[in-house]
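Just below is one structure, and these are the notes that go with it.
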Amino acid sequence: MRTVELPREEDTLAFGRRLGALLQAGDLVLLDGPLGAGKTVLTRGIAAGMGVTGAVTSPTFVIARVHRPDVADRPALVHVDAYRLGGLEEIDDLDLDTDLTESAVVVEWGSGMAEQLADSFLAVRLQRRPDDVRELTLEPHGERWEQRVVELVEQFE
């Protein structure tokens, strides 16, 4: 587990871009934190790092959006907001495990539900301190994420 401090929104976007550049088809990233912690801002950075252009907004009411990159050899980004979902059955109904074969999946509010989608995933816990600094705690699950988290954090320490 590693923690990174991101004082400005630009830092959160930059961290997301770095994470997005590392993502491959089959990767699952779970974002957890209170409203205003920066989950969607981080996802916008992830999308930019994956080569996605266009608006990336929280899919709160549509539950999931697919964003295709402009670069042919990059996977699509499936951005999910699980806030309104009632549990594991509703996550299963989205068929995200199928999306994981050809896309990277980022799930906001997915803790406690979406971990079942893959044996290997990255959990990112976001907190917004009273001084507006974002703290990201990275919890790699599975060998696939151990080294990538080390590389990711090195630039921001």
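Predicted model, so just to flag it, every value in this text is computed and none were measured.
The line from CZ of R134 to CG of L126 is 8.5 Å long, rounded to the nearest 0.5 Å. Rounding to the nearest 0.5 Å gives a distance of 11.0 Å between CG of L30 and CD of E108. A distance of 5.5 Å separates CZ of R44 from CD of E9, quoted to the nearest 0.5 Å.
Heavy atoms of other residues, nucleotides or ligands lying less than 6.0 angstrom from CD of Q147 number more than 12.
Looking at V106 and K39, their side chains never come closer than 4.5 Å, going by heavy atoms from C-beta outward. Contact check for S120 versus E143: no side-chain heavy atoms found under the 4.5 Å cut-off. Annotation: side chain of R8 is not in contact with side chain of T12 (no heavy-atom distance under 4.5 Å). Contact annotation: the side chain of L42 approaches that of L136 to within less than 4.5 Å [non-hydrogen atoms, C-beta and beyond].
Among residues two or more places apart in sequence or in another chain, the side-chain hydrogen bond (donor to acceptor under 3.5 Å, both in side chains) test is passed with E139 by R125. Residues that satisfy the side chain to side chain contact (heavy atoms under 4.5 Å, CB included) test with R129, not counting sequence neighbours, are E5, D131, V133, E135.
Screening V107, L23, L77, V105 for a side chain to side chain contact (heavy atoms under 4.5 Å, CB included) with V29, the sole residue that qualifies is L23. Partner W145 forms a side chain to side chain contact (heavy atoms under 4.5 Å, CB included) with one of L122, L22, L138, L152 and no other, that one being L122.
Pairing each heavy atom of A76 with each of P69, the nearest pair is CA-CD, 3.8 Å. Counting all heavy atoms, side chain and backbone alike, P75 lies closest to M50 at O-CE, 3.4 Å.
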message: With side chain to side chain contact (heavy atoms under 4.5 Å, CB included) as the criterion, how do R144 and D27 come out once you've worked through the C-alpha distance, each side chain's angles and the decisive distance to 0.1 Å?
response: CA-CA 9 Å; R144 186 174 187 166; D27 283 339; 2.9 Å; yes
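Cluster partners of L13 are V41, counting Ile, Leu, Val, Met, Phe, Trp and Tyr whose side-chain heavy atoms approach within less than 4.5 Å, directly or via other members.
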